[in-house]
Every structure is written in structure tokens, then in C-alpha cells.
Amino acid sequence: MNARVCFAGALLVLACSVRTIEEAAPSIVRNQCDTSKDCKGNPCLERRLCVARKASLSALLFEVTPPATSGAEYASVRYLKTSLDAPETSGNFDLAFDVVANVTGAISAQRASNQAGCVFKFQSNETVPSTLELADTEGVAKGVPASLAFMATARLPGLPVVPYTVETRATGDKEPEHRFDLRMPPGEYDAYVAPWREQDQPDSCAVAPQILRGESILAGKVDFSVQLPPPELLKLEIVGPKDQSSLRGWRIDMIDPKSVLVLSTSSVLGEPATVSSDGRYVYEADVYYSRVWDAAKQPEPGFVGVGDELVRLRPPEGIVGPSLFAELASLDLFETGQAEIELDDLSQPVLVEGQVLLPEADDPIAAHLVFAAQKLRATNAGYLTSFTVETDVGDDGLMAVDLLPGTYSVRAVPDTPPCCLSPYPTSDCHCPVPTQVLWEVSEEAHQFGKTLKLSPGARVSARIKQPVGGHGLVGATASAMSVPVAMVALEDLLTGAGATPGVFTTDTDNRGNFTLTLPLDEAFVLTVKPPDGSDYPWLVRPALTTTYSGDAEPTTITKPLPVDLKDITQPLPVVYEGEVRVPSADVPGESVVVPNALIRAYAYLGSDGPVDTSAEARLVVQVAETRADDTGTFELLVPSTFDE
């Protein structure tokens, strides 16, 4: 036999021009068997499929989404179901869901006492009429055009948050009433109602958005008609900074600190109204806002967070300046409904120029940059600030960005060089990873020579073996997703920390090998998805870490750190076969199958491994995915081993 031997080390794999002995060996393309002997003593199903004797996960979260094109009662309804008794062995397992909630209603708005002379006007989403003037009875305008969003109150990192949204539509011809109709699973939701405002409508006659927390949506027909409360009026005086920077065009509104949703109308500052005693410009603005309603408040429903609302002042587009936030209760209230915002200083922007470089070769590279201020030099006592700038740099790596003096978290997401997509990049292939550093930006007007050197990361390699025969799993997709963490919405807004988890993907080669270059000091979920038709399940490792234990800072490392996971055996599946069923809309007590539904299965993870309930979980990890056929029948291959 004529063969050339290739030696694989931790850092480097030498290229071969002829097939190796292993490549020449027969490989099992699919999970197939004739008897249990072919499965190393594991069961062989009648359809010639090797399966595991027992599943390692008994608690699974199932997500089922019927196609939007079906036109049925359940179309696009995203069902979630926790199963605490998923079968230990392969067999029948139907996914049955409760009656969907059919939520309908209309939005009405009540005028405040200071809006007595107003005619409510709204920008309609209908082609004709483009503007709607609503008659009112005893200060209530009915059929207000609006959009609604329902967000499940129970959320876990790793499970996408998919709000149910709907817009009101005009019904009738002569006096159209705007109503909505939405189908969604029953459950606990926070609702957000945002009326469509006519651009020419004065602030004094506007209707404020409303947050409704803790709303229980039951199965069946639900009337969710909402009458928006009379808006509160906050009259503001904004005392400009000592440096006399103009605030003309700046916008002021109010947000909820928990969800960062807008609670108010938005007012644009015009010319200064007066001059203060120390010679500073004073601007005036009126903001109409609603308080947050909590249906689950104990001992009875009511408004919550009164005084916690944040007044937000932000610059117009094209102006380099921070957004400032002040808690309503902390403002200098002259009397109820009146407050003052006093700005001590607004720093002047500075121009920062520099270059993004590869870690090993000092060559430039294209990247997307995010500058998020952690602390600004300009201090305005009692106010929170937010300032984030995003920019792209080209292949020359050159950047020029206007910033404010302060401390920044700078995140660079580089373009991926084509050679890095190979299962084994060669030694001259430089594979940078997303890199985050801290920068100090001084008050110097023009700053040159800033260098952002990317990290080479950790070069993680492994060989995926088939469970029977031991040959490499060819054509599988290996991906590592940084573990998502539960973030606080306001923290995300202020610090720019709300980046989506990074996903790094590659394919196994003709021997089952793969290499992924990942950021250092992070935790990842490693997933290997076998090729379609292989009849193997996913391989999931939720605790892959790239922790660096050396003395040097990760950003000073110039060579990729090797992480060799050796051989990893793809698990055998536990096969669930069944139907997706929902209650019939026509025949009480009967159910119907749901064809072509997308089915995903997730495992609950606690601090020490899999747990049984969402209450114990800190993370959910997807472990399987399939789609039902035209008859509503599905086959789901769940991995028999997990977190090895």
C-alpha cells in the first residue's frame, strides 16, 4: 500500500497531497444497522437505525412553530411546552398543546383635564384616510390606531424572546373603529401599547404610550380592550451647560428603567426661552407621559415605579453628545408636574485616529468597531449618561472617529479571512477573534496613532467520531456560541453591553476534524450538527471554556493558544416519533394535527448541569431540531449523552 503519513500536532497540521490510510478506510455515511451487533449491543430499530438504550435528559423544553402560510387558527403561534417525563427510550411521543388565545379588542384614549380643547389626530396605517380625527364622548376617543406588543414575562438566557405584535386595523366604512385580532399561547405577558401619532399633532394633544405588566392571557377568546389613562404632564426647564453649547434640536422624553420602553411623547427643544441668573441659556419643554400599570401588583393592581421613570435628554442626529438620564423623583421639583434639569458641562468632541491590526503580523484588517463609554470626563452630578459610537473600517484598518473624552470599552469584530474557514488553518493563516479592550480618550482635540491589536484567541481542535465503527463524521457543522447571560435592559443601554452572543462555525473535513478560533476567557456551547440524512443526533457540550491561566494579559498574546479536545464520539440518538396536535377550532374536545411545524428541543441547565425546571435553570441550550411532515408526523433525534 502506498500511503503518505501526515502528523497532526497541537498547533499545526501538515498538508497531504495523497489520501491517508484513514481516508482510504470505509466510512459509515449514515447510522444504519441490521442487528444489534451492528450497534455494539445497542438496540437496532426495525427501520435499521441504531439507538441508545436510555436518554440522559428527562426534562426538555419544546418549542413548536407552525408555518405562517398555513392560514389556520394556529398559524405562526409559537408554542412552548416543558416535558418532565420525556421517554427514556425511543418510542411514541406526541406534542399536544392547549387552546390558543384569540386576543381581540380596541384601544381608546382618555383626555387629560389640560387637553379639553384638543381634537385627537392619529397617523393611520391605512392608505385612506392618511390622517384620522377621532370624535370623543366625555373626553374619550375610541378606536385609537396603535401597535401592540406582548412579551412573555418568563425569560431565560438562550431562549429567543419573540414578542407577539399586532397593529389595529380599521373596521367599517363611515366611522371606522380601529381594532386588533391576535392569536398567541395563553400565559403571563407584559403588553406595550404605542399609539400612532400624527406628525403635525401638537404635544399638548398627544396620547402617551402605555406599559401593562403582569397581564394574564387565558385560552380561548380574550377581550383585551384598553383605555389609555389621561397622560401626566411634566413641565421641564433645561438649564444649558456653562460652555453655552446649544441644545437646540435636542430631544427629551421619558422611559421605563426596567424595559427602557418609551413612556411619553417626545419634545424637541427650540430656541432658549430665557437666560439664567449666571448667564446660561434656559430651554422649556412639556412631556406627556403615562405611568406603568401592573395587573399583578399585590394586594391589588395599580401603578408601579412612580418616580422611578427616567427623563432622557439626547442629541439630534449628527451631533456628538451623550444621552443623559435623570430619575424623575430625583429632579428639583418646584411643584407637582414641574422640574428642572441643570447641565454643568458637555465636553467637546475629539477626533481619534488609529488602525486595527492582526495579532501576529501587524497587518491591517477590516472590522466593525463599537465604542461604548463607561465613564465620561464631563460630569453632570445626579445624571446617568450613555454614549456609544459604531463604525466600520476597511481593509486598510484605518479608523477616524469622533468621541467624547472618557473611558471606553472598545469592541472590534474583525472580518474572517477565507483561510480561517478551513478545518485546519495553516501556520501563515492569521485568524483574529472579536476583541474587547479599554481605551482612555483625553481632551486633546486631535489624537493620532491609536492601535487596536486584535487577539489571536484559542485555536480549538477536535475529531468527531461516529459511535459505531469509529470513523470520522464527515460533513458535520461544528459551531461554538458564546454563552448568553441575563442582561439588565438599562445596563445594556447605558454601557453598550447588549451585544448578541458570538457564533463561530466551521465544517468537519473528510476525517471528521475541525478547528475553531475562539475568543479567550469566555464560555461557549459547542454544538456539532451531523449532515442531513445521517440519522445521527446533535452533539452538545455546554461547558467549553477558553480560560487563559498565563501571566500575560490576553490582549498581549501574539500566538493562538492550542486547545486540543482530542477525539469526541458523536452520541447515538433516542428517537421520539409522534404528531403535533392542537385543539380543533370547529369540534369541541377534538384535536387536529399541525403539518410542517418547526420543532426545537432545549435542555435546562443549572450551575452544575442539567436540571428539571425553568425555576432552577440559568440557561437553556438547544439539543435537537426537526420539522413535521405534511401529515403532522415528526421524528426527533435527541442526543443520548450530554455534557460529557
Side-chain angles (χ1 to χ4, degrees), residues 320 349-376 386-422 425-460 480-482 492 495-506 515-522 524 546 548 550 552-561:
V320 180
V350 299
L351 177 61
V352 177
E353 295 190 65
Q355 193 171 31
V356 182
L357 299 176
L358 284 167
E360 301 172 65
D362 284 345
D363 292 332
I365 187 172
H368 179 73
L369 305 180
V370 180
F371 300 83
Q374 306 302 295
K375 184 178 181 181
L376 296 176
S386 171
F387 181 67
T388 301
V389 176
E390 298 191 35
T391 188
D392 291 307
V393 299
D395 292 337
D396 58 7
L398 294 176
M399 61 179 167
V401 59
D402 290 318
L403 299 174
L404 299 173
T407 303
Y408 287 82
S409 168
V410 185
R411 181 172 175 82
V413 181
D415 287 1
T416 301
C419 65
C420 297
L421 301 178
S422 166
T426 58
S427 59
D428 60 348
C429 178
H430 306 296
C431 301
V433 294
T435 302
Q436 188 160 307
V437 297
L438 281 179
W439 270 12
E440 291 292 335
V441 176
S442 70
E443 296 179 349
E444 186 179 348
H446 197 168
Q447 300 171 38
F448 301 91
K450 283 279 191 180
T451 300
L452 202 164
K453 189 115 173 169
L454 297 174
S455 169
R459 188 164 286 180
V460 179
M481 182 183 74
S482 56
D492 294 351
T495 65
T500 56
V503 179
F504 306 85
T505 301
T506 190
T515 295
L516 287 168
T517 305
L518 306 177
L520 293 169
D521 283 333
E522 288 193 25
F524 296 88
T546 56
Y548 175 63
E553 291 294 327
T555 52
T556 65
I557 297 171
T558 58
K559 296 289 184 182
L561 298 178

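Position 1 is the first residue of the sequence, and the numbers go up from there. Predicted, not measured: the structure shown is a model, and the values here were computed from it.
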For this session: Using the side chain to side chain contact (heavy atoms under 4.5 Å, CB included) rule, take V410 and L452 through it: C-alpha gap first, then chi angles, then the decisive distance, then the call.
Result: CA-CA 9 Å; V410 185; L452 202 164; 3.5 Å; yes
For this session: Of all the heavy-atom pairs spanning P456 and T517, show the shortest one and how long it is.
Result: O-CG2, 3.2 Å
For this session: Give, for atom CD1 of I365 and atom CG of L357, the distance between the pair rounded to the nearest 0.5 Å.
Result: 10.0 Å
For this session: Locate the shortest heavy-atom distance separating P414 from L454; write the atom from each residue and the value.
Result: CB-CD1, 3.6 Å
Seminar exercise, completed: The side chain to side chain donor-acceptor pair (under 3.5 Å) partner of E353 among Q447, H446, K450 is H446
For this session: Quick one: do T416 and F504 satisfy side chain to side chain contact (heavy atoms under 4.5 Å, CB included)? Show the steps, please.
Result: CA-CA 10 Å; T416 301; F504 306 85; over 6 Å; no
For this session: From the options L518, V503, L516, select the one residue that forms a side chain to side chain contact (heavy atoms under 4.5 Å, CB included) with F524.
Result: L518
Seminar exercise, completed: Contacts of P349 meeting side-chain contact (heavy atoms from CB on, under 4.5 Å) (sequence neighbours excluded), chain-then-number -> V320, L404
Problem set entry | Least distance between heavy atoms, W439 atom then V352 atom | CZ3-CG1, 4.4 Å
Exercise. So do L369 and V356 actually touch side chain to side chain, heavy atoms under 4.5 Å?
Worked result: yes
Problem set entry | Check against side chain to side chain contact (heavy atoms under 4.5 Å, CB included), V350 and E444 | CA-CA 7 Å; V350 299; E444 186 179 348; 6.0 Å; no
For this session: Using atom types as modelled and distance alone, determine if a side-chain donor or acceptor of T546 lies under 3.5 Å from a backbone N or O of D521.
Result: yes
For this session: Quick one: which residue pairs count as a side chain to side chain donor-acceptor pair (under 3.5 Å) with a foot in residues 397-410, not counting sequence neighbours?
Result: T407-E440, S409-Q436
Exercise. Are any side-chain N or O atoms of T435 and backbone N or O atoms of S455, one a donor and one an acceptor, separated by less than 3.5 Å?
Worked result: yes
Show every donor-acceptor pair shorter than 3.5 Å between a side-chain atom in residues 388-399 and any protein atom, with sequence neighbours excluded, or say none if there are none.
unit_1: E390; atom_1: OE1; unit_2: H368; atom_2: NE2; d: 2.7
unit_1: D392; atom_1: OD1; unit_2: H368; atom_2: ND1; d: 2.7
unit_1: D396; atom_1: OD1; unit_2: L398; atom_2: N; d: 3.1

